[in-house]
Amino acid sequence: MALKIDLRRFPGFFPIALLCLVVLYAPLVVVSVYSFNASASITRWEGFSLAWYVDVFTGPESPKFRQAAINSLIIAVLAAAGATLIAIAAAVAMFRTGRFKGRTLSFALINLPLMVPEIVTAVASLIFFSSIGLGGGLTTILLAHITFCIPFAYLPIAARMQGLSDSYEQAAMDLYATPWQAFRLVLLPLLLPGVMSGYLLAFIISLDDFLITNFVKGAGIETLPTAIFGAVKQGIRPNIMAISTLMLVVSVIFVTLSWWAGRSGKSKA
Amino acid sequence: MRTLLATTVLSALIATSAQAQEELKLYNWFEYMPAELLDKFTSETGIKVVMDTHDGNEALLAALKAGKLGRYDLAVPSDYMVAILGHEGMLDTFTADEIPNFGNIEPKWLDVPFDPGRHSSVPYQWGTTSFMVNRKLYDGPIDTTDIIFNPPETLKGKINVLDSSGETLALASLHLGIPQCSTDREQLKALNALVLGAKPDWASFGSDVAKDVLVSGDAAAGMIWSGFGAKARAENPDLEYAYPRQGYIVWMDNLVLLKDAPNRKAALAFMNFMLEPENAGALSNYARYAPGVTGAEAFVDADLMAAPETNPPADGNGVFVETCPQDSQVLYDAIWTNLKK
Amino acid sequence: MAAAAPGGASTSSRIYRGNVLRLIGPSWVIIGIFLLIPVILTVVYSFLTKEFRGGVQWTPTLAAYDQFFFDRGLFGDEPPRIEWTYLGIFWRSVWQAASATLLCLVIGFPTAWFIATRDPRQRATWLFMITIPYWVNLLIRTVSMKFLIRDEGPLNSLLMWTGITDAPLGLINTNFAVQLGLFYSYLPFMVLPIYAAVERYDFSLSEAAADLYSGMWTTLRLVILPTVRPGIIAGCILVFIPSLGAFLAPDLLGGAKTFMIGSLIEEQFKGAAGNWPFGSAVATILMTIIMAVLLVYARAQGKESK
């Protein structure tokens, strides 16, 4: 008699998931702890102090870092949204329109941003952008970010969609739903975990991008990565650690807010 | 949430579009210019300074080549890059009478090899590049490049060198006593053999982390820039900056006037402003390197002027990194690639 | 392949047939303008003459590819031999990226599985917990990892204090440190696609398999794997390719003692070498290899779904 195994609870998977969290967060504990260091060192502990947080809010570079953080968040939110929308449309085209001419080529094109080494995209984009007279404003950065975020949004959505039965949509259309209704009311909810994964990946990729942004951006515009990469040229100081810790706090607030919004939305419905 | 986002987007757009004022566009390293100085310049001249940041000389060159030339008035490159930008025709020239404070440039920084007579550049900050040793781990003599290229047993495997071919190969050339831009086969073979032979004794190549590996003790000796070294010593007093007798590298960062500057007049006004001793001193207090301006010392913090890292020996033989012609540069590139393959 | 997956239908569904242009169009336009043109430019550059210290002259030449494949000695006057330097760099990068991908898969798959089998509310929390660390900049994360695994860092102190080891592990500046750094850089890129694929898995199937006395690992291999394979492949692509070009982890954790593809290309554009055609050629060779592998995969997938 075989044991009745519940595959939802593979033995050993929970410890691995926990290990995963430990590995992910252990370095961040270091970051947070050293943001409270009294000295300017990130390797030698010399007592507790809030000086670096004061520096982040009132120091001479604080307006620049604040603006950089705001720029980064705006770009990441918008670029991830743009890339996700494009990726959803592309995934529907790839898996719900039968075989069309150029399907393989489309697959290659969508994954192209992934294949091109970043520095090449950076230099080539700058050459191209300046030759068509596109300045280095937030819009330019946003367009560049949407472009390289597309495969990161597309692949999870496509992974979700592959092998997802279209019988529900067929049923909806048998009941006289338009294709748009079938998509919006049937397919999209089914895709949601893929969409969410894709959006999150695109978001963190955009938030982290240094090289491409650094080349295409214009004078006076900083994003958080360009500001941080620049700042560490003068040595990594705890103020960077304080900024990073604050970003973590912001992200936790962000997540908690959306969690609340989701819950109150549900309880009303 | 949505309205919050909309307002931030809106305010960002407004912030970028409000620019009726006269502007000066400066391309500089990050955190290499105190905000107060820029404010002071604006209040004196009414010109607003928009600063963009690059992350190194070569990145600056690549960005200018790829299309950013013409977007900036001024840039801050190091000595050898001034020469390269000059060769590339990316610099505009000025005459001494266009900058009233031109005479404030210290005489020894006037006739520099990278811009003889100063027609495109003025001094910004200067320092040296050498190495530091953790005296707790090694108490022997350190006034020799043997520390890096032929290290004593206790330092082996605990050395960090700068991840930049220019500075590391220049120091290696000083160690061998050969010219920096050689095309002589025997000399180059010796250089190649030297760095390949020393590499097993090196723990890492790193520039941004040069300070941190020394402070933390991960490296017992490591190449470093002087001001960076002073910061390292402040965090770990066991570190000592060396002036090797074979020679060390002297560098100077400069304000250069770029070709096709959108606002040349403002650029010259800014150069003039930075040659004011008080302003040059304020810059040094912020960036922690020495100014190249006569009379600026009076405005520089006493501890900075007294620091061993700021004071090379009077008889020291510091040299600039040279800009090699193409036929020898390709050989140095090959040696570097060979070293890191 | 997906057609064979249990619970799924075919990839040849044609529901939105009439809208194909509208659906695929945006990605074509955006990538076509903002990436394809720069890529074409790169390929063209690789066949041009280098200008000293960056830039190109518009004279066609194969010099960049010659430099990649043939060794003519330090002074360029020896008879050409096969150049192993760059092939070695490629091989090392592929090996590092593959190890990191495997590491991500081994840790990421069970994690994704675990998340997908929570109830929906917990799932969202777990997903965010996996991605929140990535709000901290990659450079800072990598520096912190470096700090953590230093010989005198917290990890070694902990291990020695608990008596698990009696000497530092000596992790820093090793290949393993690089793999660990790459793993840390890209873990969510493995977890999230697998999660998206596993989440739709119908667990009644595995119960049916269990009822038929199928062992746990047999079930995993024959029933579950086909369903989640698209997710695994997507995850592997998203970890492997960025790892190939990564430069922060090799520089900071590996000590930058050897070039990786990413740093080699970067050195050509923003290093002292300033050899744009050669950088473009290395990039072109890299893109060609990746593209070929992906297209073979796409074709295989297309054949299976027929």
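Note that the structure is a prediction, hence the values are computed from the model and not measured. The chains referred to below are lettered A, B, ... by the order of the sequence lines, with proteins before strands, and numbering in each begins at 1.
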Visitor: Side chains of L294(C) and F107(A), heavy atoms from C-beta outward: is any pair under 4.5 Å?
Guide: yes
Visitor: Within the 4.5 Å heavy-atom criterion, are S27(C) and L109(A) side-chain neighbours or not?
Guide: no
Visitor: Starting at CG of L36(C), measure out to CZ of F128(A) and round the result to the nearest 0.5 Å.
Guide: 10.0 Å
Visitor: Atom CE of M287(C) and atom CG of L112(A): how far apart are they, to the nearest 0.5 Å?
Guide: 7.5 Å
Visitor: As an exercise, state the distance from CE of M115(A) to CD1 of I289(C), rounded to the nearest 0.5 Å.
Guide: 12.5 Å
Visitor: For this output row, return yes or no: ring centroids of F148(A) and F34(C) closer than 6.0 angstrom.
Guide: no
Visitor: Sort I37(C) into side chain, backbone, both or neither according to what part of it lies under 4.5 angstrom from a heavy atom of chain A.
Guide: side chain
Visitor: Between CD1 of I110(A) and CH2 of W28(C), what distance do you get to the nearest 0.5 Å?
Guide: 9.0 Å
Visitor: Under 4.5 Å heavy-atom distance to chain A, tell me which part of I33(C) shows up: side chain, backbone, both or neither.
Guide: both
Visitor: Treating Y195(C) as the side-chain partner and P193(A) as the backbone partner, does any N or O pair qualify as donor plus acceptor under 3.5 Å?
Guide: no
Visitor: If I compare all heavy atoms of P188(C) with all of L201(A), which pair ends up nearest, and what's the gap?
Guide: O-CD2, 3.7 Å
Visitor: Please state whether the side chain, the backbone, both or neither of Y16(C) comes within less than 4.5 Å of a heavy atom of chain A.
Guide: both
Visitor: Is any side-chain heavy atom of L139(C) closer than 4.5 Å to a side-chain heavy atom of F229(A)?
Guide: yes
Visitor: Is there a side-chain contact between F210(A) and L248(C), using heavy atoms and a 4.5 Å cut-off?
Guide: no
Visitor: side-chain contact (heavy atoms from CB on, under 4.5 Å) with P26(C): which of I86(A), I146(A), I150(A)?
Guide: I86(A)
Visitor: Give the intermediate values and the outcome of side-chain contact (heavy atoms from CB on, under 4.5 Å) for residues W135(C) and L73(A).
Guide: CA-CA 10 Å; W135(C) 282 59; L73(A) 286 176; 3.6 Å; yes
Visitor: Within the 4.5 Å heavy-atom criterion, are R103(A) and I24(C) side-chain neighbours or not?
Guide: no
Visitor: Would you mind checking which part of R150(C) comes under 4.5 Å of any heavy atom in chain A, side chain (CB onward), backbone (N, CA, C, O), both or neither?
Guide: side chain
Visitor: Do the ring planes of F189(C) and F152(A) sit parallel (below 30°), tilted (30 to 60°) or perpendicular (above 60°)?
Guide: perpendicular
Visitor: Contact between P117(A) and L286(C) at the side-chain level, heavy atoms closer than 4.5 Å - yes or no?
Guide: yes
Visitor: Side-chain contact test, heavy atoms from C-beta onward, threshold under 4.5 Å: evaluate it for L24(A) versus Y184(C) and give yes or no.
Guide: yes
Visitor: Would you mind telling me which of I232(C), I40(C), L155(C), T131(C) has the largest number of heavy-atom pairs within less than 4.5 Å of chain A?
Guide: T131(C)
Visitor: Are N137(C) and L224(A) close enough, and set up right, to give a side-chain contact (heavy atoms from CB on, under 4.5 Å), and what steps lead you there?
Guide: CA-CA 8 Å; N137(C) 187 272; L224(A) 207 49; 5.9 Å; no
Visitor: Between I130(C) and chain A, with a heavy-atom cut-off of 4.5 Å, which part of the residue counts as in contact: side chain, backbone, both or neither?
Guide: both
Visitor: Given heavy-atom pairs under 4.5 angstrom as the criterion, report whether the side chain, backbone, both or neither of L244(C) touches chain A.
Guide: neither
Visitor: side-chain contact (heavy atoms from CB on, under 4.5 Å), that's the test. Do E199(C) and R160(A) meet it? Break it down for me.
Guide: CA-CA 8 Å; E199(C) 206 261 359; R160(A) 172 82 184 175; 2.7 Å; yes
Visitor: Minimum heavy-atom separation for I241(C) and L114(A), please, with both atom names.
Guide: CG2-O, 3.1 Å
Visitor: Any chance you could measure S185(C), atom OG, to D208(A), atom CG, to the nearest 0.5 Å?
Guide: 8.5 Å
Visitor: Side-chain contact, heavy-atom cut-off 4.5 Å: K146(C) with P27(A)?
Guide: no
Visitor: Distance from L28(A) atom CG to I140(C) atom CD1, nearest 0.5 Å?
Guide: 11.0 Å
Visitor: Using non-hydrogen atoms and a 4.5 Å limit, figure out which bit of T125(C) sits close to chain A: side chain, backbone, both or neither.
Guide: side chain
Visitor: Just so I understand: if I count every heavy-atom pair under 4.5 Å between each of T147(A), V250(A), L191(A), L200(A) and chain C, which residue has the most?
Guide: T147(A)
Visitor: Please rank I132(A), V92(A), I88(A), I205(A) by heavy-atom pairs under 4.5 Å with chain C and give me the top one.
Guide: V92(A)
Visitor: Kindly give the heavy-atom pair with the smallest separation between V20(C) and A93(A), and that separation in Å.
Guide: O-CB, 4.3 Å
Visitor: Measure distances from Y34(A) to the heavy atoms of chain C and classify the residue's part below 4.5 Å as side chain, backbone, both or neither.
Guide: side chain
Visitor: Shortest non-hydrogen contact from G194(A) to A196(C)?
Guide: CA-CB, 3.7 Å
Visitor: Counting only heavy atoms closer than 4.5 Å, note whether I132(C) contacts chain A via side chain, backbone, both or neither.
Guide: both
Visitor: Please evaluate residues L211(A) and E266(C) with respect to the criterion side-chain contact (heavy atoms from CB on, under 4.5 Å), reporting the C-alpha separation (whole Å), side-chain torsions for both, the decisive distance (0.1 Å), and the verdict.
Guide: CA-CA 10 Å; L211(A) 260 183; E266(C) 207 177 325; 4.2 Å; yes
Visitor: On a heavy-atom basis, which atom in L248(A) and which in P133(C) lie closest, and how many Å separate them?
Guide: CD2-CA, 4.3 Å
Visitor: Which bit of V143(C) is near chain A, if near means a heavy-atom gap under 4.5 Å: side chain, backbone, both or neither?
Guide: side chain
Visitor: Please report the closest heavy-atom contact between P193(C) and A159(A), naming both atoms and the distance.
Guide: O-CB, 4.3 Å
